[in-house]
Protein chains: 2
Amino acid sequence: MLSQEEISSIRNFNRDYTKLLGIMNKKVLDTPLSWTEGRVLLEISFNNDKTPIAVASNLGLDKSYTSRIIKRFEKNNLINKSPSSTDSRSIELSLTSDGESLVKELNKRSDQQIDDLLSNLSSSEQQEFYQAMTVLDNLLFNRK
Amino acid sequence: MLSQEEISSIRNFNRDYTKLLGIMNKKVLDTPLSWTEGRVLLEISFNNDKTPIAVASNLGLDKSYTSRIIKRFEKNNLINKSPSSTDSRSIELSLTSDGESLVKELNKRSDQQIDDLLSNLSSSEQQEFYQAMTVLDNLLFNRK
DNA sequence: AATTTTAGTGGACAAAGTCCACTAAAATGC
DNA sequence: GCATTTTAGTGGACTTTGTCCACTAAAATT
């Protein structure tokens with residue numbers, strides 16, 4: 001088990017990293033979308049026939065809140081709603097071409113951010129970074 | 001430089017990790033404090049004679065917002081305000097004993113969270129985790 | 001000494017998110 | 001198959017969180 005000091009450094013890292021990502025996320029905000037709106041749009045884009053409820057539960061959002069976000073998206077012509085063929089309570093969401101291009105833009109900026117984040121590092125440091133992150137990812141998220 | 005796929009996994013990690021920390025932070029919220037309030041209280045505790053403006057700028061908060069948070073803290077008897085001896089515009093903040101014990105509680109819970117986070121991992125995996133995180137920390141934050 | 005900057009506060013507001021109630025359809029229990 | 005319960009989606013009302021602006025009084029600058 002880890003020592004108090006090790007736990008303390010993990011907490012510090014978490015704090016700093018949260019802050020860093022927060023700053024990065026603010027910057028993505030140079031799009032017309034808030035952070036949560038961005039997540040919702042990307043979630044819809046992953047799988048072009050998501051229902052609102054699936055989006056809400058995947059992102060851990062209130063369904064009412066999600067409904068309003070989706071309504072705004074529709075108003076701004078980012079998505080289409082179509083009635084589900086299998087469940088008439090339900091709605092299928094799909095991106096409009098405007099939606100598609102906004103998603104592309106979001107992805108481009110996110111990639112650019114990672115690039116910026118790593119631009120201070122040498123090529124070999126970038127590899128080190130990637131490998132260390134892969135270790136964390138496996139340990140935390142990819143356990144079978 | 002990193003490939004598109006590598007960048008993409010970094011983004012995935014960031015997303016998942018943000019989500020994980022977000023969930024963890026929600027849980028700390030079983031205290032009477034919101035996340036930002038917790039950060040403010042801890043910031044004050046680090047250094048028991050901080051001014052509001054120092055807190056605000058260290059945490060990147062609006063000074064007016066910070067002022068209100070501090071006001072609430074005072075009302076709830078978590079901190080004391082005393083006039084600065086060197087600058088009469090300024091205020092020195094210090095924790096009351098209630099404040100101290102809340103800080104202790106916050107720290108305890110944060111440590112517990114890290115513990116929980118790592119409890120699925122074996123001892124050697126925990127070491128691996130710690131080492132990988134240290135690599136990231138050095139690469140991102142500890143460059144001289 | 002006059003001007004500008006800074007610390008702190010409060011009003012007014014905007015943005016983000018939560019909670020509750022409701023409708024209509026689907027699923028479940030018998 | 002019918003009655004009951006659950007589920008998807010929406011909207012109203014509200015709280016929490018955070019921003020922006022204006023102001024006072026003290027400090028720093030010129």
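Numbered from 1 within each chain, the chains take letters A, B, ... in sequence-line order.
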Between A:L61 (CG) and D:dT10 (P), how many Å, whole number? 15 Å

Apply salt bridge (Lys or Arg N to Asp or Glu O under 4.0 Å) to residues A:R109 and A:E105 and explain how you reach the verdict. CA-CA 6 Å; A:R109 294 196 193 189; A:E105 185 60 28; 2.8 Å; yes

With sugar-phosphate meaning primed atoms plus P, OP1 and OP2, does B:T66 contact a base, only sugar-phosphate, or nothing at under 4.0 Å between heavy atoms? nothing

Within the side chain of A:T66, is there an N or O that forms a donor-acceptor pair under 3.5 Å with the backbone of A:A56? no

Can you tell which of D:dA8, D:dG11, D:dT10 lies closest to the side chain of A:K71? D:dG11

Separation of C:dA7 atom P from B:K81 atom NZ, nearest Å, is 16 Å

Quick one: label B:S84 by what it contacts on the DNA or RNA (base, sugar-phosphate, nothing), any heavy atom closer than 4.0 Å. nothing

A:I79 CD1 to D:dG9 P, straight-line distance once rounded to whole Å: 11 Å

Distance below 4.0 Å between B:T36 side-chain N/O and D:dG18 OP1 or OP2: yes

Is the ring pair A:F13/B:F141 parallel, tilted or perpendicular, if the boundaries are 30 and 60 degrees? perpendicular

Could you give the CD-to-P distance, from B:E92 to C:dG8, as a whole number of Å? 10 Å

If you compare all heavy atoms of B:M133 against all heavy atoms of A:N14, which two are closest, and at what distance to 0.1 Å? CE-OD1, 4.0 Å

Can you give one letter per nucleotide of nucleotides 20-30 of chain D, going 5' to 3': B for a protein heavy atom under 4.0 Å from the base, S for sugar-phosphate only, - for none? B-----BS---

Taking all non-hydrogen atoms of both residues, which atom of B:L102 and which atom of B:P32 are closest, and how far apart? CD1-CD, 4.4 Å

Provide, to the nearest angstrom, the distance between the CD atom belonging to A:E74 and the P atom belonging to D:dG11. 10 Å

Side chains of A:D111 and B:Q4 only: does a donor on one sit below 3.5 Å from an acceptor on the other? yes

Taking B:S90 for its side chain and B:D87 for its backbone only, find out whether a donor-acceptor pair lies under 3.5 Å. no

Interatomic distance, B:N58 CG vs C:dA7 P [rounded to whole Å]: 12 Å

Just by distance, do the side chain of A:E74 and the backbone of A:K71 share a donor-acceptor pair under 3.5 Å? no

For A:I91, does its backbone N or O pair with a side-chain atom of A:T51 as donor and acceptor, under 3.5 Å? no

Starting at the 5' end of DNA chain C and moving along, which residue's nearest nucleotide shows up first, B:A54 or A:I69? B:A54

In whole Å, what is the span from the NZ atom of A:K50 to the C1' atom of D:dA8? 16 Å

Spacing of B:K75 atom NZ relative to C:dT9 atom P, expressed in whole Å: 15 Å

Nucleotide N/O of nucleotides 3-5 of chain D paired with protein N/O under 3.5 Å:
none

